[in-house]
Amino acid sequence: MSSPFAIGLAALVRQRGVTGAMVVSEGDGIVVDADLAVGVRGPVLAALAASLYRRARLSAGAAGLGSAAFLQLEAERGRVCAVGRGDLVLVVLAEQRANLGLIRVEMLRVLEALP
Amino acid sequence: MTTAVVEGWVEVPLRRFIDDARVQLALLLLPSGQVLAQSGFSRALDVMSACALAAAINATSAELGRQLDGRPFGGLHYAGAQRQIYLAPLATPRGALVLLAVFDRESSLGLVQLYVGELEQALAIAAPAPVPEEPVIAGNFEGELNRNLAALFGRV
């Protein structure tokens, strides 16, 4: 049985250079649903990305900047992107060659469609 | 946060776990309920109670797992209104240990689970050679319990 997040996650991993997408509970740091390439450590990524997103959101609030819209972490060999709504965080893992603009648009579209 | 240990080899891994996982209270004990290390507790009585309860919960959930699933359950999580607990059995070369971690919204279940895994690995590396187990009898147990609490809090 597919989850209500499956279609959105599938749309994200179809993007060039995306190696995984997951919906994570921000409060618990636990994977709700995921579509990941083999070898991606989902629970580890979920726990750390949710914590990172939560702290970024709190930092933006504390700085008087309002809510965090889009979080992007650039690393040596790729990127982690996150957007949130309510207690859910949509996390995408992408390679350097990925088109970040397209991924961002797709993530915001999927976020809007989250149940 | 104050951390005290009965056996030195658990100190570095436990301190690192506490820092990384941002837990408020941590207790490392033997499945029998004898304390090996504590962090965040201020009274020996609280440690004694928490150890007894953690050991009982661990024994109960392990047996429930055996009955239902043919093997002991792993970690046990309970979320309260403000605080959450995570109770996990840890396998080390020195035998089984039990970790009780208490955390709030500064951490998360996912983070605690992640760092419990790292704690178990670090304990496996830090553990000295196994020693033959002595039978746990009531007289020994009480004496060792008091000795461990005295090591953590001074005279009990």
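The analysis underlying the following values was restricted to heavy atoms, covering all of them including side chains, and did not include hydrogens, waters or symmetry mates. Because the structure is a prediction, the values reported are computed rather than measured.
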Checklist line | B/Q82, CD: over 12 other non-hydrogen atoms inside 6.0 angstrom | finding: no
Note to self: Please determine whether residues A/L52 and A/L90 belong to a single hydrophobic cluster, defined as Ile, Leu, Val, Met, Phe, Trp and Tyr linked transitively by side-chain heavy-atom distances below 4.5 Å.
What the structure shows: no
Next item on the list: Without swapping roles, check the side chain of A/R54 against the backbone of B/E106 for a donor-acceptor pair under 3.5 Å.
Entry: no
Margin query: For A/R41, I'd like to know if atom CZ has over 12 heavy atoms of other residues, nucleotides or ligands within 6.0 Å.
Written below: no
Margin query: Under 4.5 Å from any heavy atom of chain A, what part of B/F103 do you find: side chain, backbone, both or neither?
Written below: neither
Notebook entry, point to check: Counting heavy atoms not belonging to A/I7, are there more than 12 under 6.0 Å from its CD1?
Noted result: no
Checklist line | Minimal non-hydrogen separation, B/S108 against A/G27, with atom names | finding: CB-O, 3.2 Å
Item checked: Selection from B/R22, B/Q113, B/H77 maximising heavy-atom pairs under 4.5 Å formed with chain A -> B/R22
Notebook entry, point to check: Out of A/D28, A/L48, A/V44, which residue meets the side-chain contact (heavy atoms from CB on, under 4.5 Å) rule with B/L111?
Noted result: A/L48
Note to self: I'd like to know whether CZ of A/R55 has more than 12 heavy-atom contacts from other residues, nucleotides or ligands below 6.0 angstrom.
What the structure shows: yes
Item checked: Rounded distance (nearest 0.5 Å) linking atom CD1 of A/I30 with atom CG of B/L109 -> 4.0 Å
